[in-house]
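This report concerns only the one structure given below.
Within every chain, numbering begins at 1; the chains are lettered A, B, ... in the order of the sequence lines, protein sequences first and strands thereafter.
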Amino acid sequence: MSNDFIISLKQSVVEAFASLYQHSLTQDEVKIENTNPSFEGSFTFVVFPFLRITKSKPEQSGEAIGSFIAAKHDEIKSFNVVKGFLNFELTDAFWLSYLSNLQTAKSLGQKTTSPQKVMVEYSSPNTNKPLHLGHVRNNLLGYSISKILAYYGHNVVKANLINDRGIHICKSMLAYQLFANGETPSSGNIKGDHLVGKYYVMFDKAYKEEQAALIAGGLSEEEAKKQSSLMTQARDMLTKWEQGDEETLALWEKLNNWVYAGFDISYKRMGVEFDAIYKESQTYLLGKEMVIKGLSDGVFFKKDDGSIWVDLTEDGLDQKLLLRADGTSVYMTQDIGTADLKYQDHNMDESIYVVGNEQEYHFKVLKLILKKLGKPYAEGVQHMSYGMVELPSGKLKTREGKVVDADDLMDEMYATAQERTEEQGKTDGLEPTALSELFETLGLGALKYFLLKVDPTKRILFNPAESIDFHGNTGTFIQYTFARCSSILRSASITPTVSDSVSLDPTEKTLIEHFFRFDEVLKDAAKQMSPALIAQYLYDTAKHYNSFYNQCPILKADTDELVGLRLGLTATTAKMLETCGDLLGMKMPSKM
RNA sequence: GGUCUCAUAGCUCAACUGGAUAGAGCAACUGCCUUCUAAGCAGUAGGUUUCAGGUUCGAGUCCUGAUGGGAUCACCA
């Protein structure tokens, strides 16, 4: 595979230093880079760092090393030295044979040599509201990272931890009890998650009104909070829930099941899925046990009021509450229990949490606590911290109704895709069901690419007033290129075969060079957990193919050999687009 | 206030983790459909990489400071 050549090139550099300068280098010290496109060549060795060894000028060193290496490799057509940059240009035969190997390869890209068992937790919704744009980014990132790691050769378990209990859940339950008059998803003709979300917002509104009234009655803000009847009722509900009160549990289950049914529809449409589902209602007791055991082992300490804490001041952090005085659990309690249960179930090497960067502190603390408890898996706990999605007006806030709803957004993407396709009159000859499938593919493809092409660690500004683009650096452009490849392959009368006796057009060579880089991109994407690297690669693939397409006739090329080669390039492009698209969860239409 | 983080073309993003002349898309302008899908291609214009120092063969990238955003430091999750 591709790396073999790079390794042999590195080895030659090592030999060159041994022979020319009597200096022994290791291969790891030698870096081979891709040549900057504005210079001749494909691969570059930078000699600057080694001038102390060569004890000669950059140009002289480059020439000497270049001559030594070129003599050892038939694949090297020529080399040139610009300042301290030694550039190698390879023969067409090398690139043709590389392309030929790609065509017969079972799958594209080199896999990892050290596969591990990895759990990727993502989505992690609360069962008191529907999914919004922030969840969409989380879901797409988590799913894509799972796909990338699995494709790279790891054994991946996709997990979803559902926040199905706690005071916030009780708020929507209470509002439902007070205001709903027995409304159900079917009676209200509303998706279950949206129905419950409606009452969560309603609670907040009623609570604010109550506060305002109390404060108007002469109470301080703090007093008003204490005297809130709504909040007291919600707390009572939580206590009842923890005590196993039947009526409360029945209401809880009813609402949660409505929400799950709603989530299932959204997940399916987004194209994400899970291998394991965890619920906090099933892990918080385990968390409590672990905290209590930690206390008796002297890892934690108890305050006078009976609450249990961990002291992290030695690690530069604060004291952190682990269990309330009344014995009820907090977020951290649950996460400790969940971490342990996950490990009992799957015994993984690494546990990746795809969670927003606003929770960096929380995960730092979680990892420290697990270490203090002496858990063997603590080291493998990793927070994949991604940036928030923000609106021009600021952060998304469900309670205030300031959100972009996930289901609405997908509907809009579908509608826009339909509009654009109809504008171009490209709906002819397709059945209604095929058309509807196409609009879904295009709309969601544009959405997924839009969210995944950005570096995950950076925050995204989303302006709902400007719809997501279908031209330029977009998912649509990539899908269009795939459809174009498919169309050509459909009309081809001969099979793609790569002969070694043709000479390459610059656009053809650029495309093959680009294929060569996939190994490196895949490796980096897996290492950095960055779908953005795959997205960027995908875009470049389409870009290079389209340049080639406009420059070179394919089916009407002069000789059968050329037709075969160009069909080979087309087939490999299609395969690459489909493979990388799949890593992002994007579908590729064969016609559009 | 402490800690973390971000700042690149009018806008949205890249830049192979310290390499050569900082690249794409959108918006603007100019060409290219009687030939394999023009949701495309080729080109023009647009930059003191927020500012001031430093480190070295070399800095958008590393260090120090300043300015301006964001997050976090809850008996919320």
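In this structure the side chain of Tyr549(A) never reaches within 4.5 angstrom of the side chain of Leu511(A), judged on heavy atoms.
Nucleic acid contact for Pro58(A): none, since no nucleic acid atom lies under 4.0 Å from a heavy atom of the residue. Asn87(A) comes within 4.0 angstrom of a base, heavy atoms only. Residue-level contact check: Arg52(A) touches the backbone only, with heavy atoms under 4.0 Å from sugar-phosphate atoms and none from bases.
Straight-line distance between the C1' atoms of C51(B) and U56(B): roughly 23 Å, to the nearest whole Å. Here the separation of A28(B) from C16(B), taken at their P atoms, is 31 Å to the nearest Å. Straight-line distance between the C1' atoms of G18(B) and C63(B): roughly 13 Å, to the nearest whole Å. The same atom, C1', is picked in G68(B) and in U50(B); the two are 8 Å apart, to the nearest Å. With both ends at atom C1', the span from G58(B) to C62(B) equals 13 Å, rounded to whole Å. On the C1' atoms, G19(B) is 16 Å away from G23(B), given to the nearest whole Å. A15(B) sits 14 Å from U8(B) when the P atoms are compared, rounded to a whole Å. Using C1' as the reference atom, U49(B) and U44(B) are 23 Å apart when rounded to the nearest Å.
One atom, OH of Tyr537(A), and another, C1' of C13(B), lie 20 Å apart when rounded to the nearest Å. Between the CG atom of Leu86(A) and the C1' atom of G19(B) there is a distance of 14 Å, rounded to whole Å. As a whole-Å value, the separation of Tyr386(A) OH from U5(B) P is 19 Å. The distance from atom CD of Glu520(A) to atom P of A15(B) is 13 Å, rounded to the nearest whole Å. Whole-Å rounding puts the His544(A) NE2 to A42(B) C1' distance at 15 Å. In this structure, the CG atom of Leu452(A) is 13 Å from the P atom of A14(B), given to the nearest Å. The CZ-C1' distance, from Phe43(A) to G19(B), rounds to 17 Å in whole Å. Going from atom CD of Gln536(A) over to atom C1' of G23(B) covers 9 Å, rounded to whole Å.
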Indicate for each nucleotide in nucleotides 67-77 of chain B, in 5' to 3' sequence, whether protein heavy atoms under 4.0 Å reach the base (B), only the sugar-phosphate (S), or nothing (-).
--SSSSS-BSB
Which letters describe nucleotides 26-41 of chain B, given B = protein heavy atom under 4.0 Å from base, S = only from sugar-phosphate, - = neither?
S--------SBBSBBS
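The two residues Ser124(A) and Asn163(A) come nearest to each other via the heavy atoms O-ND2, 4.2 Å. Asn357(A) and Ser385(A) get closest at one heavy-atom pair: CB-OG, 2.9 Å.
A side-chain donor-acceptor contact under 3.5 Å links Asn256(A) and Thr127(A). Counted by atom type alone, Thr44(A) and Asn36(A) present zero donor-acceptor pairs between their side chains at under 3.5 Å. Between the side chains of Arg484(A) and Asn546(A), at least one donor N or O sits under 3.5 Å from an acceptor N or O.
Proximity of the aromatic rings of Phe548(A) and Tyr545(A) is defined here by a centroid distance below 6.0 angstrom, and this criterion is met. If you look at Tyr537(A) and His514(A), their ring centroids are closer than 6.0 Å. The aromatic ring centres of Phe88(A) and Phe5(A) sit 6.0 Å or more apart. Aromatic rings of Phe39(A) and Phe85(A) (six-membered ring for Trp) have centroids beyond the 6.0 Å cut-off, not under it. Between Phe516(A) and Phe43(A), the distance from one ring center to the other falls under 6.0 angstrom.
Lys458(A) has a side-chain polar atom (N or O) that falls below the 4.0 Å cut-off from OP1 or OP2 of A7(B).
Once rounded to the nearest 0.5 Å, the distance linking NZ of Lys591(A) with OG of Ser487(A) reads 8.5 Å.
Remark: side-chain polar atoms of Ser172(A) are paired, donor with acceptor, to backbone N or O of Ile169(A) under 3.5 angstrom.
Positionally, the nearest nucleotide of RNA chain B for Lys364(A) lies more toward the 5' end than for the other of Lys364(A) and Val454(A).
Residue Gln528(A) places a side-chain atom within donor-acceptor reach of the base of U17(B), judged by atom type and a 3.5 Å distance cut-off alone. In this model, a side-chain donor or acceptor of Thr44(A) finds a partner on the base of A20(B) within 3.5 Å.
Between Tyr284(A) and Trp241(A), the ring planes lie tilted relative to each other; the angle falls in the 30° to 60° range.
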Return one dot-bracket line describing RNA chain B 5' to 3' (Watson-Crick or G-U wobble pairs, both distances under 3.5 Å; ( ) same strand, [ ] crossing, | another strand, . none).
(((((((..((((.....[...)))).(((((.......))))).....(((((..]....))))))))))))....
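The ring of Phe85(A) does not lie on top of the base of G19(B); it is either too far (5.5 Å or more) or too tilted (30° or more).
A syn orientation is assigned to C33(B), its glycosidic angle lying within 90° of 0. Applying the 90° cutoff around 0 to the glycosidic angle, U17(B) is assigned syn.
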